[in-house]
K.L.:
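Pasting a structure here, questions to come.
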Amino acid sequence: MTLLLPISAFIFGLLLAQTEIAGQAKKILSSLLARLFIPVVIVYNMVFYQAGSLALMLFSLISSVLLFYVFAYFSKDRLQALCFSYSNIGWLGFPFAVALFGEQVSAAMIALYIGGSLFGNIWAVAAISDGPADYVATLQKVLKSPPVLALLAALVLWLSGAHHLQGNVLVEGTYEVARFGMSFAGMCILGMWLRHTRVHGADLLLSTRNLMFKLFCGVIICIVTYYCIAIPQIESLIPVLFFLFCLPPAANIVALETHYLGTGVSARYIAAGTMVSGVVMIVYGILLHVKSALI
């Protein structure tokens, strides 16, 4: 998979957004992404487990929690704190990471996605809900979320001996289709969504400031992780871990905000954050390639 796929899917989404079937297409692609493509990729990578995946899940989860409370401490705005800490790993991060680092980072990105998704399913509800949090309902929501169900399915398959099927033509083919579908659907949805979102200069300025602060926090967290936490192959994974802090807010924050608060303020934050992050990710990719060329 190259950078051509996510870019092409994004452009296709921009064009599709102008058609009459855009609304239905967005619903279908979103459902396929959340309930089929991403769970299949999670199951594959967890069944054929690679050392360090659990540590990466914890890194993603703990980093998100730290980002949330650091931002909330300074701003007192829980919605902005959520946009600051809950990153778009599945829809945007995965295809860009594979394009930048190669197919070998798929397992690492899935582990990071699972940690971020657990954070989103737990903290997002608590952060956005107006009133006392219903912890039982939140726990039920987490247990029923596609990433957790995929983890449970992967555990059952692994205990059943499915990990011996690596290399099987049907298994590998299914995984390739799911991985392609995940990247294409995610970027296409993003294109359709951004096509009709109005962003002002003040929103871009705010997103730029927030992302610079997020990158600063990312540098500190990555340095502490590198020197203090034992993660297999940490030397080669550090650029991938830092990439996590270049990502924009998760797109489904606006859906949660609409459901719990009846507002859609975060749509501007997400759209502006996506634009700013897109530039940062491209610059980061260029720096990585320049570094590789010089070595």
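When reading the values below, keep in mind they use all heavy atoms of this one structure, side chains included, and skip hydrogens, waters and symmetry mates. Each residue takes its place number in the sequence, starting with 1.
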K.L.:
Compare every heavy atom of Ala25 with every heavy atom of Met192, then report the nearest pair and how far apart it is.
P.N.:
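For Met192 and Ala25, the tightest heavy-atom pair comes out as CE-C, 4.3 Å.
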K.L.:
Quick one: do Leu237 and Ile223 end up in the same hydrophobic cluster if we chain Ile, Leu, Val, Met, Phe, Trp and Tyr together by side-chain heavy atoms under 4.5 Å apart?
P.N.:
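Leu237 clusters together with Ile223.
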K.L.:
Check the hydrophobic clustering (I, L, V, M, F, W, Y; side-chain heavy atoms under 4.5 Å; chains of links allowed) and say if Leu29 and Val177 are grouped together.
P.N.:
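No; tracing contacts between hydrophobic side chains, which count when under 4.5 Å, never links both residues.
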K.L.:
Sequence neighbours excluded, which residues qualify as ring pair (Phe, Tyr, Trp, His ring centres under 6.0 Å) partners of Tyr226?
P.N.:
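By the ring pair (Phe, Tyr, Trp, His ring centres under 6.0 Å) rule, Tyr226 matches no residue at all.
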K.L.:
So which atom in Ser53 and which in Ala111 form the shortest heavy-atom distance, rounded to 0.1 Å?
P.N.:
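Smallest interatomic distance, heavy atoms only, reads O-CB, 3.4 Å.
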K.L.:
What distance do Leu82 atom CG and Tyr269 atom OH have between them, rounded to the nearest 0.5 Å?
P.N.:
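Going from the CG atom of Leu82 to the OH atom of Tyr269 covers 12.0 Å.
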K.L.:
Which atom pair, heavy atoms only, marks the closest approach of Phe37 to Ala178?
P.N.:
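So the minimum-distance heavy-atom pair works out to CB-O, 3.7 Å.
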K.L.:
Under 6.0 Å between the ring centres of Tyr44 and Phe48?
P.N.:
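Judged by ring-centre distance (under 6.0 Å), Tyr44 and Phe48 do meet the cut-off.
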K.L.:
How far does CG of Leu241 sit from CD1 of Ile231, to the nearest 0.5 angstrom?
P.N.:
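These two atoms lie 6.0 Å from each other.
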K.L.:
If you define the side chain from C-beta out and look only at heavy atoms, does anything of Phe184 sit under 4.5 Å from Phe12?
P.N.:
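They are in contact (side-chain heavy atoms under 4.5 Å apart), so the answer is yes.
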K.L.:
Quick check: does any side chain N or O of Thr274 sit under 3.5 Å from a backbone N or O of Ile270, one acting as donor and the other as acceptor?
P.N.:
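Confirmed, Thr274 side chain pairs with Ile270 backbone.
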K.L.:
Just jot down the ring pair (Phe, Tyr, Trp, His ring centres under 6.0 Å) partners of Phe242, sequence neighbours excluded, or say none.
P.N.:
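In terms of ring pair (Phe, Tyr, Trp, His ring centres under 6.0 Å), with neighbours along the sequence ignored, Phe242 is linked to Tyr284.
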K.L.:
Treating Ile, Leu, Val, Met, Phe, Trp and Tyr as nodes and any side-chain heavy-atom pair under 4.5 angstrom as an edge, say whether Phe59 and Tyr69 lie in one connected cluster.
P.N.:
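Cluster IDs for Phe59 and Tyr69 match.
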K.L.:
Apply the hydrophobic cluster definition, ILVMFWY joined by side-chain contacts under 4.5 Å directly or through others, and give me every member besides Val156.
P.N.:
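Members besides Val156: none; it forms no cluster.
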K.L.:
Please answer whether the main-chain N or O of Leu16 pairs with a side-chain N or O of Thr19 as donor and acceptor at a distance below 3.5 Å.
P.N.:
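Yes, because the side chain of Thr19 sits within donor-acceptor range (under 3.5 Å) of the backbone of Leu16.
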K.L.:
Nearest heavy-atom pair of Ala150 and Val43: which atoms, and what distance?
P.N.:
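Ala150 and Val43 have their closest heavy atoms at O-CG2, 3.4 Å.
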K.L.:
Please confirm whether the backbone N or O of Leu247 pairs with a side-chain atom of Lys214, one donor and one acceptor, at under 3.5 Å?
P.N.:
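Pair found, side chain donor or acceptor close to backbone of Leu247.
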K.L.:
Hey, quick one: are Ile238 and Tyr227 part of the same hydrophobic cluster, counting side-chain heavy atoms closer than 4.5 Å, chains of contacts allowed?
P.N.:
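As far as the 4.5 Å side-chain criterion goes, Tyr227 and Ile238 are connected within one cluster.
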K.L.:
Are Val199 and Leu205 in one and the same hydrophobic cluster, where Ile, Leu, Val, Met, Phe, Trp and Tyr link if side-chain heavy atoms are under 4.5 Å apart?
P.N.:
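No, Val199 does not connect to Leu205 through the hydrophobic network.
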K.L.:
With respect to Met109, which candidate in Ile89, Val98, Ile114 satisfies the side chain to side chain contact (heavy atoms under 4.5 Å, CB included) definition?
P.N.:
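Of the listed residues Ile89, Val98, Ile114, the side chain to side chain contact (heavy atoms under 4.5 Å, CB included) partner of Met109 is Ile89.
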K.L.:
Do the non-hydrogen side-chain atoms of Leu149 and Pro39 ever get within less than 4.5 Å of each other?
P.N.:
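No, too far: nothing below the 4.5 Å cut-off.
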K.L.:
For Ser64 and Tyr86, indicate whether the former's side chain and the latter's backbone hold a donor-acceptor pair under 3.5 Å.
P.N.:
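Here the side-chain-to-backbone pair does not exist.
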K.L.:
Give the minimum heavy-atom separation between Pro249 and Asn88, together with the two atoms involved.
P.N.:
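Here Pro249 and Asn88 meet closest at O-CB, 3.6 Å.
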K.L.:
Which atom pair, heavy atoms only, marks the closest approach of Val70 to Phe213?
P.N.:
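Heavy atoms of Val70 and Phe213 come nearest at CG1-CZ, 3.7 Å.
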K.L.:
Between the side chain of Thr225 and the main-chain N/O of Ile221, is any donor-acceptor distance below 3.5 Å?
P.N.:
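Yes.
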K.L.:
Just wondering, more than 12 heavy atoms not from Gln18 lying within 6.0 Å of its CD?
P.N.:
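Atom CD in Gln18 is packed in, count exceeds 12.
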K.L.:
Thr208 side chain to Leu204 main-chain N or O, any donor-acceptor pair under 3.5 Å?
P.N.:
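Answer holds: yes.
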K.L.:
Is it true that a side-chain atom of Ser85 and a backbone atom of Leu67 form a donor plus acceptor pair closer than 3.5 Å?
P.N.:
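Between the backbone of Leu67 and the side chain of Ser85 there is no qualifying donor-acceptor contact (under 3.5 Å).
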K.L.:
Do Ser60 side-chain atoms and Tyr113 backbone N/O form a donor-acceptor pair below 3.5 Å?
P.N.:
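Pair absent, no side-chain N/O of Ser60 close to backbone of Tyr113.
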